[in-house]
Amino acid sequence: MELHVERTAGALAQHAGELLRARRMTLAVAESCTGGGLGDAITDIAGSSEYFQGGLIAYSYEAKKRLLAVPRDLLAAKGAVSPEVVTTMAAGARRILQTDLALALSGIAGPGGGMPGKPVGLVYIALATPQGTAWRRHLCQGNRIENKRASVCAALEWLIEYLQEQRQRT
């Protein structure tokens, strides 16, 4: 008999929260395309204030520059949906909110906005840790709402993966 585990944002946020609490680590988020959906999923969990410090929704170029110190030249050269920008966002959130970890997301939720090399559904996710900042490329295949939800789940899955690896190292 196969056990089916529901991989909803709520279930993932619950699991991530348990791991953060057990590791005594804090988290911040910087969001663009998800518009606060990641922070919302995290704060749906009772007791999340023990580990979640807050988030920044930097939807526009101006907000990314002002709130997260993403350089104007970087945005002009690479665009908001790029590994370079999302890693800068994550590092900025971690620094500003003084947390152990930070997740950042920037992408094209759709239905428009896609372009050659950057299709609708493309999302970059970054994770800033004490060891540095890494990024992943994620491609969603749904409508705007589905793409936003899938992006939140992908970010939480990566956070869980990181926290489980950290637990195995100690």
Side-chain angles (χ1 to χ4, degrees), residues 3-59 64 67-70 80-109 121-142 145-170:
L3 177 64
H4 176 71
V5 178
E6 190 68 28
R7 301 304 279 179
T8 64
L12 292 166
Q14 178 74 40
H15 189 191
E18 291 164 0
L19 293 169
L20 285 162
R21 189 177 289 114
R23 299 283 301 148
R24 291 185 167 81
M25 297 181 88
T26 55
L27 176 69
V29 299
E31 301 183 65
S32 184
C33 63
T34 50
L38 180 56
D40 182 54
I42 293 165
T43 59
D44 277 350
I45 306 305
S48 58
S49 61
E50 292 177 41
Y51 50 83
F52 185 63
Q53 296 301 304
L56 299 145
I57 301 171
Y59 200 69
K64 288 174 182 64
L67 297 175
L68 295 164
V70 177
V81 182
S82 65
E84 296 86 354
V85 168
V86 80
T87 55
T88 303
M89 290 170 61
R94 183 172 179 264
R95 183 187 70 253
I96 291 162
L97 292 166
Q98 299 177 9
T99 57
D100 299 306
L101 307 172
L103 282 167
L105 301 100
S106 188
I108 305 166
L122 175 63
V123 177
Y124 286 101
I125 305 168
L127 177 61
T129 73
Q131 295 80 35
T133 304
W135 62 272
R136 290 184 176 177
R137 182 181 190 272
H138 186 74
L139 190 59
C140 306
Q141 301 293 322
I145 301 303
E146 292 165 343
N147 290 344
K148 290 171 66 173
R149 289 183 181 146
S151 298
V152 166
C153 288
L156 289 167
E157 286 170 347
W158 187 11
L159 176 62
I160 290 165
E161 178 185 318
Y162 171 82
L163 291 166
Q164 288 174 332
E165 288 172 1
Q166 291 303 301
R167 183 161 46 184
Q168 291 172 357
R169 288 184 188 151
T170 57

- Message: Using modelled atom types and a 3.5 Å cut-off, is there a donor and acceptor pairing between side-chain atoms of K64 and backbone atoms of V70?
- Response: no

- Item | Whether T8 side chain and A11 backbone form a donor-acceptor pair below 3.5 Å | yes

- Of all residues at least two apart in sequence or in a different chain, which pass the ring-ring contact (aromatic ring centres under 6.0 Å, His included) check with W135? Y124

- Hey, could you give me the OG/CG distance between S82 and L122, rounded to the nearest 0.5 Å? 9.5 Å

- Message: Just verifying a value: how many Å separate S106 OG and E84 CD, rounded to the nearest 0.5 Å?
- Response: 11.5 Å

What pair of heavy atoms forms the shortest contact from [X] to [Y], and how long is it?
X    : Y    : result
T34  : S151 : CG2-CB, 3.9 Å
L105 : M89  : O-CE, 3.6 Å
N147 : C140 : OD1-CB, 3.0 Å
L101 : R94  : N-NE, 4.2 Å
A28  : L97  : CB-CD1, 3.5 Å
A41  : A13  : O-CB, 3.4 Å

- Message: Does Y51 form a side chain to side chain donor-acceptor pair (under 3.5 Å) with E18? I'd like the steps, not just the answer.
- Response: CA-CA 10 Å; Y51 50 83; E18 291 164 0; over 6 Å; no

Minimum side-chain heavy-atom gap [X]-[Y] below 4.5 Å:
X    : Y    : answer
P83  : R137 : no
L19  : Y162 : no
Q53  : Q98  : no
T129 : D100 : no
L68  : T88  : no
L156 : I42  : yes
L159 : L27  : yes

- Hey, mind stepping through T26 and L20 against side chain to side chain contact (heavy atoms under 4.5 Å, CB included) and telling me if it holds? CA-CA 7 Å; T26 55; L20 285 162; over 6 Å; no

- Message: Test: salt bridge (Lys or Arg N to Asp or Glu O under 4.0 Å). Region: residues 30-54. Which pairs qualify, not counting sequence neighbours?
- Response: R21-E50

- Charged N to carboxylate O below 4.0 Å: is that the case for R136 and E157? no

- Item | Derivation and outcome, side chain to side chain contact (heavy atoms under 4.5 Å, CB included), residues T133 and L127 | CA-CA 6 Å; T133 304; L127 177 61; over 6 Å; no

